[in-house]
Structures are given as structure tokens and as C-alpha cells.
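Below: one structure, written as C-alpha cells.
Note that ligands are numbered from 1 as they come in the structure, with each ligand's atoms numbered from 1 the same way.
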Amino acid sequence: MELVKKEGRKVDSVELVEKYLKDESYKDALIIQSGIIGLSRQFLHNEGFVEYLPVIVSTITDPLNRDVFEAQIDYYGHKYYITKSMIVQKQVGILVHDKIFSFSPNLRLEREEKAQSGRHLIDFVQLDLEVKNAKREDIMSLMEDLIIFVINNLLQDHSELIKKYHPGLSVPKKPFNRISVKEAKKRFGDDYEKIISEKSTEPVWLIDMPIEEREFYDKQNPLEPDTLLDFDLIYPEGFGEGISGGEREYEYDQIVKRIKLKGNNLDSYEDYLKIARKGYLRPSAGCGIGIERFTRYIMGLEHVEKTRLFAKVPGQFSI
Ligand code: AMP
Ligand code: MG
């Protein structure tokens with residue numbers, strides 16, 4: 001596997017260790033992150049979810065909606081992709097248990113420009129969940145409850161620590177505001193996501209993405225066919241997108257139509273299409289919440305790099 005296509009900046013390993021020992025914010029962010037992981041798990045177990053171990057390599061992975069370098073491993077004459085998300089595995093997973101989640105490590109070889117966003121790593125973890133027969137509303141409500149549960153408990157258990165970094169953090173109120181992409185573009189122009197995030201003091205749902213702007217697996221809205229039954233959560237105070245999710249396509253003909261619409265190659269999805277063709281897939285909805293971005297928002301940090309040790313910043317090369 002080729003990790004960088006051009007010469008990335010090599011980070012000195014000893015300098016990195018010295019930074020971790022000197023800058024207390026790494027230590028503090030990891031305490032909060034450990035709390036986020038434990039509390040999310042507790043919340044989902046209480047809601048009847050089963051935790052699946054993550055899938056790291058697969059014959060098929062998320063095409064993503066944007067351009068990242070491919071990460072493949074040759075193995076006995078076949079190609080394994082390193083998973084960019086567990087979307088395909090989740091759609092099969094809900095056939096076995098109705099409510100599932102994984103802390104899923106994803107590799108997305110983002111371009112170096114993304115280093116400036118404050119939100120991108122090439123190796124990150126999302127809490128990826130899916131629920132059989134659920135609607136978009138169910139997942140949005142579930143995630144509001146999860147976020148409120150996590151922040152509420154962290155503010156009780158680590159109030160001094162959070163106050164030190166993000167004194168303005170409060171528990172968001174349910175239901176979070178929502179706005180469609182069409183409406184957002186009308187009101188704020190093309191930079192709507194950034195503007196909404198910067199002017200908000202509470203998380204906001206962005207819903208109804210235009211069909212051509214998202215991957216094939218988010219379900220087309222039958223009542224408004226140029227939009228999808230999906231959503232993003234935008235964190236307030238400029239922290240940007242933190243969750244993406246939606247209802248899923250599960251019918252073979254519709255999946256094929258959507259893959260073609262995106263200009264993707266049907267052959268790359270053969271293992272998945274075979275399952276769909278047999279009629280095994282069922283309606284579901286789900287989402288992924290990035291753990292580093294959730295930590296960054298709660299701690300009010302400049303960059304997700306601050307939320308873990310050995311973070312892989314786009315364009316850099318480190319231990
Ligand atoms: P996506 O479905 O592509 O939006 O990914 C799900 C979630 O994972 C996003 O909402 C983010 O919280 C997180 N995420 C996606 N890409 C990255 C990245 N390059 N670095 C850190 N977190 C990410
Ligand atoms: Mg997204």
C-alpha cells in the first residue's frame with residue numbers, strides 16, 4: 001500500500017513524544033474522549049444495540065462523495081480495500097441484529113489541503129450505527145438523545161476540565177433546529193455549511209441533500225426525487241459537520257440506478273449487488289459520528305489532531 005503520493009512532511013517521532021508530554025491538552029482531551037466512548041456505548045446498550053467489531057479490510061468499500069487517494073492491499077491475487085466506512089457491512093449486519101453499532105476505524109487518504117480544515121485526519125474513528133426498519137426521524141432523535149446524554153454526563157463528571165477549554169459549552173436542547181439544503185443555499189449561498197456553523201450556538205440538522213451531492217446508498221425521497229432522505233449534523237461555533245446519515249436504498253433496481261447516476265462502476269460493487277439482487281437487503285437508517293470531531297467540539301479545540309495520540313494529519317507522515 002502506498003501511503004503518500006507525493007513527499008509528505010515527515011514528523012519527527014521524538015518531537016511528537018515531547019509535544020505530548022509538554023502540552024497538557026492532549027492528556028485532557030483523551031480523558032474527555034475516553035468518557036465519550038464509554039458513555040456512547042452505555043447509551044446504545046441501554047437502547048438495545050449490539051456492538052459489532054469493526055471491519056478493517058473488505059472487497060468493497062464506501063465510494064465516498066469526494067476525491068481521496070485509494071488504499072488497497074494485494075492479497076493472494078485479489079484486492080482488499082481498507083474501509084472508508086462500514087456502510088455495506090452495516091446493511092448486512094442489520095439482517096442479523098436489528099440495532100447495531102461499531103467503533104469503526106476508517107482510512108481516507110485525504111488531500112493535504114484538508115489539513116487546514118481543523119476537522120480532517122486520514123485515519124479516524126466513527127461510531128457507525130444502523131437500525132433495521134428505522135426512518136430518518138428515528139435516527140435524528142436517537143442522536144440528539146445520545147449527544148445530550150454524553151454532554152450532560154461529561155459536564156457533571158469533568159466540569160472543571162471542560163470549563164478550562166470550552167467555558168461556553170452547554171447541554172443542547174432537543175429537538176435541534178433543522179434546515180434543508182435548498183433553504184440553506186437560498187439564505188446563505190454556497191458557503192452555507194460554514195456560515196450556519198459559525199452563527200449557531202446549538203447543533204443544527206442539515207437535511208434533504210441534493211441527489212447528485214451524496215453517495216448511492218442514501219435513499220432518494222420518493223416525494224421529492226431530486227433530494228435524499230438524509231441528514232448532517234452541524235456543530236455550532238464554527239466546529240462544522242460532525243454526523244452524516246440517512247435512510248438507505250435497499251432495492252436492487254434502485255441501487256443500480258443510483259450507482260449509475262453517480263457514474264460509479266457496477267463491477268466494483270459486485271459482492272454487494274449480488275446480495276441486493278437476491279432480495280436480502282431490508283429498509284434501514286443509520287449514521288456515523290466522528291469521535292475525534294465530537295471530542296474537538298466538546299473540548300473547543302483548534303484541530304482534531306489535538307484529540308488523539310498518533311493522529312495522522314493530511315499531508316503529514318508520522319509514527
Ligand atoms: P461521512 O459519512 O463521510 O460524513 O463520515 C461520517 C463522520 O465521520 C463525519 O460526519 C465525521 O464526523 C467523521 N469524518 C469523516 N471524514 C473524516 C476525516 N477525514 N477526519 C475525521 N473525521 C471524519
Ligand atoms: Mg459527511
query = Would the number of heavy atoms belonging to other residues, nucleotides or ligands and lying under 6.0 Å from NZ of K274 be above 12?
reply =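 Atom NZ in K274 is not packed in, count stays at 12 or less.
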
message = Counting C-beta onward and ignoring hydrogens, is there a side-chain heavy-atom pair between E110 and S117 closer than 4.5 Å?
response =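 With C-beta onward as the side chain, the pair stays apart.
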
key: Ion pair R111/D67, N-O distance below 4.0 Å   =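 Salt bridge present between R111 and D67.
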
Test: E249 and K262 ion pair at under 4.0 Å =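 Answer for the salt bridge query: no.
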
query = For ligand 1, what is the set of protein residues having any non-hydrogen atom at a distance below 4.0 Å?
reply =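 Answer by chain and number: R66, R108, E110, R119, H120, L121, F124, Q126, E241, G242, I243, S244, G288, G290, R293.
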
Residues in side-chain hydrogen bond (donor to acceptor under 3.5 Å, both in side chains) contact with Q116, at least two apart in sequence or another chain =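 Applying side-chain hydrogen bond (donor to acceptor under 3.5 Å, both in side chains) to Q116 gives none.
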
inquiry  = For N177 and E202: C-alpha separation, side-chain torsions, deciding distance, then whether side chain to side chain donor-acceptor pair (under 3.5 Å) applies.
reply    = CA-CA 8 Å; N177 284 333; E202 297 255 313; over 6 Å; no

